[in-house]
Amino acid sequence: MTTNTQIADVLDEIGDLLEFQGTNAFRIRAYRNGARAIRELPEPISAMAERGDDLTKLAGIGKSVAEKCHELIDTGELKQLVELRKQVPHSVLDLLRVPGMGPKKAAMLFNELKIKDLDELKEACEQGRVRALKGFGEKTEQQILAGIEVAAAANTRMLWADADDVARSLLAHLKAVKSIQRMELAGSYRRGKETVGDLDILVVADDHQPVMDRFGAYEDLATVIGRGETKMSIRLKNGFQVDLRVVPAESFGAALQYFTGSKEHNVVLRGRARQQGLKINEYGIFDVSSGKEVYLGGAEERDIYDQLKLPLFPPEMRENRREFEWAEQGELPRLIELGDIRGDLHMHTTATDGKASLREMIEAARSRGLQYIAITDHSQRVSMARGLDPQRLRDQWAEIDDLNEELDGKFLVLKGIECDILEKGGMDLPDDVLEEADWVLASVHYGQQQSRKQITERILGAVENPHVDCIAHPTGRLVNRREPYEVDLDSVLHAAKEHGKWMELNASPERLDLHDVNCAAAQNLGIPIVISTDAHSVLGLDQMRYGVLQARRGGLRKEDVANTRTAKDFLKLLRSRN
DNA sequence: GCCGTTTTCGGCCCGACTGTTTTCAGTCG
């Protein structure tokens with residue numbers, strides 16, 4: 001079994017190694033595009049190959065990459081990669097993590113000084129051997145030395161939620177500058193990616209200098225990486241890089257579009273502009289058909305898309321996945337919004353590992369404008385969290401019955417449970433207990449290291465249990481920290497479809513599980529998705545916005561998400577399962 | 001290496017900043 005991720009990783013590695021060898025940049029891009037296409041496929045490419053599908057029909061995959069996919073699927077390895085690895089030691093790829101170090105410089109270091117890893121690079125810099133190379137100097141050597149520390153310390157991206165905190169703090173800091181007329185964050189932060197590599201701030205101001213001075217006086221600043229006429233970059237104490245650009249008012253929209261990206265989206269946009277005799281850059285959109293540049297617009301982001309007769313794509317959609325196809329068919333989905341959410345179907349209380357009582361969670365949910373929630377504490381297997389046995393669970397449910405009576409239809413509390421899927425298979429609570437629940441989440445917490453076959457069979461068992469409603473955090477991944485367990489999600493989704501089961505998109509910023517690509521796969525199959533906070537406290541209920549952002553990246557609409565329905569319609573849909 | 005209602009060959013996004021190279025290459029986003 002060769003998964004999409006494994007194949008994509010191989011293609012990316014080939015891209016890295018070829019880049020190092022100075023291969024034609026477009027050939028390298030072709031490998032990267034192929035890797036991306038496969039990574040984002042809604043179904044396993046191995047299944048497509050087995051069916052005899054023509055893989056070259058997939059956008060970004062031609063004859064060569066298709067052959068390599070077949071070789072990987074059939075033999076589990078790729079001769080080309082084995083060869084490349086002989087030529088370039090794997091550790092030299094670490095050199096590229098040093099800021100300012102690209103493939104050309106790294107290759108020079110490897111070829112001239114036989115430097116194979118970061119340790120050898122450090123030693124060579126300290127001995128002054130690097131500055132002797134053509135194109136290198138003393139300053140470059142110092143930068144490399146500083147950069148090695150950065151490469152070692154800060155090579156992980158920040159969770160979106162954490163980047164959001166930094167972003168808000170920076171904006172508040174900059175707002176003190178009176179001459180700032182407009183200010184906006186761009187980049188992957190604006191696109192709502194689950195992790196953010198750096199922040200891009202765009203500003204319109206009468207005078208550049210006070211803005212840059214203020215930027216350089218930010219309290220968490222560690223170093224100023226660079227400062228030019230229009231652009232300034234800093235690194236924060238936590239290693240995070242922030243770029244600031246000051247742009248003229250007539251270019252603000254163009255710059256916002258440009259720096260929001262993604263790169264892939266912009267490549268397509270620029271290609272289209274070129275075909276129409278237009279040119280886009282961060283200053284605007286220009287008619288170049290006469291040989292001169294005639295400014296057509298750029299003050300607003302809309303100006304760019306209007307000129308190309310394209311809709312103003314929501315930033316979360318700008319990944320060159322399907323947005324251009326949708327636009328051509330006039331079928332751009334209306335993405336779900338936070339305000340569409342009416343219920344929250346996964347949360348914990350002090351009965352297990354939550355911080356707030358049942359009553360406090362209900363009050364907090366009501367004050368956030370929700371109409372219904374499900375209380376889903378852990379089941380007995382999760383002993384660390386004092387998981388509920390049948391008796392304690394039934395006691396909680398009796399309490400919920402009383403509270404519902406007290407609420408008199410103004411708010412609905414569902415009697416739920418997050419029931420563990422046991423290591424040996426089967427559910428952690430007997431069927432007669434689960435049968436009494438309004439809402440049963442099934443989830444894996446233990447035995448995450450099991451084989452693909454074991455884990456998949458466990459989850460399939462839960463999907464087939466008639467009392468289970470929804471699979472919670474279906475892949476178990478933790479953003480930046482833990483890979484998904486080895487589940488065959490494609491099989492799980494097909495089984496869920498067959499048995500009328502739903503899938504959770506867990507909104508907790510460190511989970512965001514399902515992943516955006518998996519959301520699209522579930523949507524394709526018509527499986528209702530539930531966005532839930534998995535709140536362990538009152539404030540945890542506010543995590544819903546992270547889940548909605550992820551859902552938007554997955555292309556989900558209001559109608560794809562079950563808990564956008566009113567309490568009455570939600571129950572109706574729930575009871576009509578199967 | 002991929003792609004095609006301008007093309008099966010000849011393109012493939014575009015500009016700022018830095019350092020070192022005196023006219024530009026490399027890196028980055």
Side-chain angles (χ1 to χ4, degrees), chain A residues 11 14-15 18-19 22-37 55-69 80 95-109 130-144 147 186-191 196-202 208 224-233 241-247 251 254-286 288-289 293 304 308 320 328:
Chain A
L11 295 176
I14 292 175
L18 288 177
E19 184 170 40
T23 311
N24 176 305
F26 297 109
R27 190 174 161 220
I28 293 160
R29 188 201 278 178
Y31 278 100
R32 300 247 160 89
N33 286 344
R36 208 175 78 97
L55 301 183
T56 64
K57 291 273 193 295
L58 298 168
I61 297 182
K63 188 160 165 284
S64 168
V65 172
E67 276 171 11
K68 288 170 215 274
C69 288
Q80 182 192 15
L95 303 184
L96 299 174
R97 297 215 315 263
V98 177
M101 178 81 68
K104 292 281 175 8
K105 282 185 180 160
M108 175 84 103
L109 291 167
V130 169
R131 72 183 72 169
L133 292 176
K134 187 172 179 337
F136 291 75
E138 205 168 327
K139 214 157 177 180
T140 309
E141 204 172 65
Q142 291 311 311
Q143 279 182 351
I144 290 174
S188 56
Y189 169 80
R190 182 159 179 254
R191 301 201 313 280
V196 175
D198 60 13
L199 287 176
D200 302 285
I201 304 176
L202 299 179
H208 293 191
V224 175
I225 300 169
R227 177 170 174 167
E229 273 298 297
T230 62
K231 180 186 166 183
M232 177 167 168
S233 297
Q241 183 176 332
V242 187
D243 297 338
L244 173 80
R245 286 181 171 84
V246 187
V247 300
S251 299
L256 186 57
Q257 194 291 316
Y258 188 97
F259 290 110
T260 295
S262 67
K263 192 172 157 220
E264 290 79 7
H265 176 89
N266 284 355
V267 166
V268 173
L269 218 57
R270 253 152 260 286
R272 290 187 172 221
R274 174 185 277 264
Q275 281 179 356
Q276 297 173 35
L278 304 174
K279 187 175 87 167
I280 309 171
N281 57 27
E282 62 257 57
Y283 298 109
I285 182 158
F286 303 87
V288 288
S289 56
E293 285 191 2
I304 308 296
L308 295 169
N320 188 25
E328 264 150 36

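So you know, we letter chains A, B, ... as the sequences are listed, proteins then strands, and number each from 1.
Looking at heavy-atom distances under 4.0 Å, G34(A) makes no contact with the nucleic acid at all. Residue I61(A) is classed as a sugar-phosphate contact, given heavy-atom separations below 4.0 Å to backbone atoms only. Contact annotation for A273(A): no contact, since no heavy-atom pair falls under 4.0 Å across all strands. Residue-level contact check: G261(A) touches neither bases nor backbone, having no heavy atom under 4.0 Å from any strand. At the heavy-atom level, D198(A) lies under 4.0 Å from the strands shown only through sugar-phosphate atoms. At a threshold of 4.0 angstrom between heavy atoms, the contacts of Q275(A) include nucleobase atoms, whether or not backbone atoms are also involved.
Nearest-nucleotide assignment on DNA chain B puts the 5′-proximal partner with K63(A), out of K63(A) and F136(A). Toward the 5′ end of DNA chain B lies the nearest nucleotide of A30(A), the other residue of the pair E138(A) and A30(A) mapping further downstream.
Rounding to whole angstrom units, CG of residue L199(A) and C1' of dG29(B) are separated by 13 Å. If you measure from atom CD1 of I201(A) to atom P of dG29(B), you get 15 Å, rounded to the nearest angstrom. Distance, R27(A) CZ to dC2(B) P: 10 Å, rounded to whole Å. In this structure, L202(A) atom CG and dG29(B) atom C1' are separated by 12 Å, rounded to whole Å. Regarding Q257(A), its CD atom lies at a distance of 13 Å from the C1' atom of dG29(B), rounded to whole Å. Put simply, CD on E19(A) is 11 Å from C1' on dT27(B), counting in whole angstrom units. Put simply, CG on D243(A) is 9 Å from C1' on dC28(B), counting in whole angstrom units. As a whole-Å value, the separation of Q241(A) CD from dT27(B) P is 16 Å.
Using atom C1' as the reference point in both dT8(B) and dG1(B), the two lie 14 Å apart (nearest Å). dG11(B) and dT6(B): their C1' atoms are spaced 13 Å apart (whole Å). With both ends at atom C1', the span from dT20(B) to dT27(B) equals 14 Å, rounded to whole Å. Spacing between dG4(B) and dC17(B) at atom C1', rounded to whole Å, works out to 36 Å. For the P atoms, the distance from dT18(B) to dC3(B) is 38 Å, rounded to whole Å. A gap of 13 Å separates the C1' atoms of dC12(B) and dT7(B), to the nearest Å.
Residues satisfying the side chain to side chain donor-acceptor pair (under 3.5 Å) criterion with T230(A), sequence neighbours excluded, are absent altogether. By the salt bridge (Lys or Arg N to Asp or Glu O under 4.0 Å) test, R270(A) is found to be paired with no residue, residues two or more places apart in sequence or in another chain being considered. Every residue two or more places apart in sequence or in another chain that forms a salt bridge (Lys or Arg N to Asp or Glu O under 4.0 Å) with K63(A) is listed here: E67(A). For A186(A), the side chain to side chain contact (heavy atoms under 4.5 Å, CB included) partners at least two apart in sequence or on another chain are D200(A), L202(A), L256(A), F259(A), T260(A). Legend: residues meeting side chain to side chain contact (heavy atoms under 4.5 Å, CB included) with T56(A), ordered by chain and number and at least two apart, are D54(A), A66(A). Evaluation of the side chain to side chain contact (heavy atoms under 4.5 Å, CB included) rule for Q142(A) yields L145(A) as partners, not counting sequence neighbours. For R29(A), there are no salt bridge (Lys or Arg N to Asp or Glu O under 4.0 Å) partners two or more places apart in sequence or in a different chain. Partners of Y258(A) according to the ring-ring contact (aromatic ring centres under 6.0 Å, His included) rule, which considers only residues two or more places apart in sequence or in another chain, do not exist here.
Within residues 101-109 of chain A, the residues that have a heavy atom under 4.0 Å from DNA chain B are, in order of number, M101(A), G102(A), P103(A), K104(A), K105(A).
A side-chain donor-acceptor contact under 3.5 Å links N266(A) and Q257(A).
Screening residues 271-283 of chain A for side chain to side chain donor-acceptor pair (under 3.5 Å), with sequence neighbours left out, gives R272(A)-E328(A), K279(A)-E293(A).
Applying the 4.0 Å criterion to OP1 and OP2 of dC17(B), one finds that S233(A) has every side-chain N and O outside that range.
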Could you list all N or O pairs between the protein and nucleotides 13-16 of chain B that sit under 3.5 Å apart?
residue, atom, partner, partner atom, Å
dC13(B), OP1, R29(A), NH2, 2.7
dC13(B), OP2, R29(A), NH1, 3.4
dC13(B), O2, R270(A), NE, 3.1
dC14(B), OP2, R274(A), NH2, 2.8
dC14(B), O2, Y258(A), OH, 2.5
dG15(B), OP1, K279(A), NZ, 2.9
dG15(B), OP1, N281(A), ND2, 3.4
dA16(B), OP1, Y283(A), OH, 3.0
dA16(B), O3', T230(A), OG1, 3.4

Distances under 3.5 Å only, N/O to N/O: pair up the protein atoms with those of nucleotides 8-10 of chain B.
none

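If you take NZ on K231(A) and CD1 on I225(A), they are separated by 9.0 Å, rounding to the nearest 0.5 Å. Distance check, rounded to the nearest 0.5 Å: CD of E19(A) to CD1 of I28(A) gives 5.0 Å.
Across all strands shown, dT18(B) is found opposite dA25(B) as a Watson-Crick or G-U wobble partner, with both distances under 3.5 Å.
Formation of a donor-acceptor pair under 3.5 Å by the E141(A) side chain with backbone atoms of R131(A) is found in this model.
Glycosidic conformation of dT5(B) is anti; the angle lies outside 90° of 0.
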Residue pair D243(A), L199(A): steps toward the side-chain contact (heavy atoms from CB on, under 4.5 Å) verdict
CA-CA 6 Å; D243(A) 297 338; L199(A) 287 176; over 6 Å; no
